[in-house]
Amino acid sequence: MKNYRALPFMLIAAAALAGCSTLPASDSPLAQARNAYNSAQGDPQVTTLAAAELKQARDSLDRANNASTKGESGAVVDHLAYVTKQQVAVARETAAQKAAELAVANASAERDRVRLDARTREADSARRSAEFAQRQSEASQRGAEASQRQSEESQRSAEASQRQSVMERQAANDAQLSAQAARRQTLDAESRSQQLEAQLKEMEAKKTDRGMVITLGDVLFDTNQSQLKSGGMRNVQKLADFFKQYPQRNVMIEGFTDSVGSNSRNQELSDQRANSVRVALLGMGIGPDRITARGFGESYPVAGNDTAAGRQLNRRVEIIVSDNSGNIAPR
Amino acid sequence: MNVLSRHQWYLAAAIGCAAVVIGGCASVAPPTEQMAVSKSAIANAVSAGGSEYAPVEMRTAQEKMDRAQRAMAKEDYENARSLAEEAQADARLAEKKAESAKAQKAAIVLQDDIRVLREEINRNGK
């Protein structure tokens, strides 16, 4: 549109100027300008980063082409071609500048990242060396303490060896006495353990890996109740007498049920039955610290749950007698 | 809009025709504005570092500007405008070359910084 509007003026101007010019148009600089423009046009860096500059060059090239087709003087065409060529170069330089500026922006971001990395690592290594130093100082402190202990020990051992020689003389005397006592004690212990076994046998205790186990059967409880029946109470009384006689022995009470009914009900019932035995023993004067009670629900069956007899065997309370030092192996 | 601008255009064309007819071949209006524009373009190029980064373009621009001024003095306005226009194009190229070179230098310096920093980190890390 613009070109069409310019047409009348340009035609007149061209005619007027052509009248003055003497030389025919030479294509050479114009050809160079066209080549330069076309190659810049094909460079995506230039078209994206220097579009405005390239458009200016395009306008100049159009003017040069027009001047050439209108047969204007070679000097005019050459001049316009020259300006075009320089403007194409400006577009190229602009694109290169913008690309470099983008690279600078990216590199700045990267440098910041690298610096951050460096700081993080410095902080890490500082922390590590602090930890190392602390460990070292702790180690040297431990070393100092150890050497102090050693010197104390050697002093003590010197004293001890002195005492030992005194004691050894006494020991020789004592040994004779204790040999006699030991003989007496062995006899005592033998008679006592015989008594114990007899008592436990009376309560139908069985020897197991965990110690002597007395089983209170289901018949000693009311059905689905945790209350001990009078028969059960008699058995518990025997147990209480036994534990009073052997105060170094503790007792573990474990309740069990069959698999009939819900798990939670069975757990509850087994807890309650074990606990009622515990309560009975407490009532008979056994210290609470010696008695532990726990329900296991339908776990650890001693018989199949598929027969009535098996289920009856599974409904039980087991009383485990500890060893002489009060220990019971856990289930 | 179209009607108005067409009218305006006809007016301008008529004035242009009259100028060409009256002025004839010999006389063109002195390109004072172009001369000022080119001078300022050269000044910009100099302050951008054109003499350092684009000495060839810078020298050409200045030479053409000198010639344009001489043409102005001889009232050879046609030649003066053409020389001034070329001087402007040369000066702009010099300015852009300087800016582009500086930006590329900055990019290289920065990349070098990063490389040095990385090396330092790797040394410290060991």
With sequence neighbours excluded, tell me which residues meet side-chain hydrogen bond (donor to acceptor under 3.5 Å, both in side chains) with A/N35. none
Distance-minimising heavy-atom pair for A/A126 and A/S129: O-OG, 3.0 Å
List the steps, then state whether side-chain contact (heavy atoms from CB on, under 4.5 Å) holds for A/S264 with A/Q267. CA-CA 5 Å; A/S264 57; A/Q267 180 64 50; 5.5 Å; no
Non-hydrogen atoms of A/S154 and A/S151 that approach each other most closely: OG-O, 2.8 Å
Taking the side chain as every heavy atom from C-beta outward, state whether A/V46 and A/Q41 have any pair of such atoms under 4.5 Å apart. no
Could you tell me which non-hydrogen atom of A/I328 sits nearest to which non-hydrogen atom of A/R210, and how far apart they are? CG2-NH2, 4.3 Å
Would A/R149 and A/E153 pass as an ion pair if we require N to O under 4.0 Å? no
What parts of residues 86-107 of chain B touch chain A if we use heavy atoms and a cut-off under 4.5 Å? B/E86, B/A89, B/D90, B/R92, B/L93, B/K96, B/K97, B/E99, B/S100, B/A103, B/Q104, B/A106, B/A107
Apply side-chain contact (heavy atoms from CB on, under 4.5 Å) to the pair A/D271 and A/F296, showing each step before the final yes or no. CA-CA 7 Å; A/D271 276 337; A/F296 287 96; over 6 Å; no
In plain terms, say whether A/R127 and A/D124 are close enough for a salt bridge, that is, a side-chain N and a carboxylate O under 4.0 Å apart. yes
I'd like to check A/R63 versus A/T84 (side-chain heavy atoms, cut-off strictly below 4.5 Å). Are they in contact? no
Side chains of A/Q56 and A/S60 only: does a donor on one sit below 3.5 Å from an acceptor on the other? no
Sub-4.5 Å heavy-atom contacts with chain A: which residues of residues 64-73 of chain B show up? B/K64
Can you list the residues of residues 85-111 of chain A that sit under 4.5 Å from chain B, counting heavy atoms only? A/Q86, A/A89, A/V90, A/E93, A/T94, A/A96, A/Q97, A/A100, A/E101, A/A103, A/V104, A/A107, A/S108, A/E110, A/R111
Do other residues, nucleotides or ligands put more than 12 heavy atoms under 6.0 Å from A/Q155 CD? no
Side-chain heavy-atom pair A/L30, A/S68 within 4.5 angstrom cut-off: yes
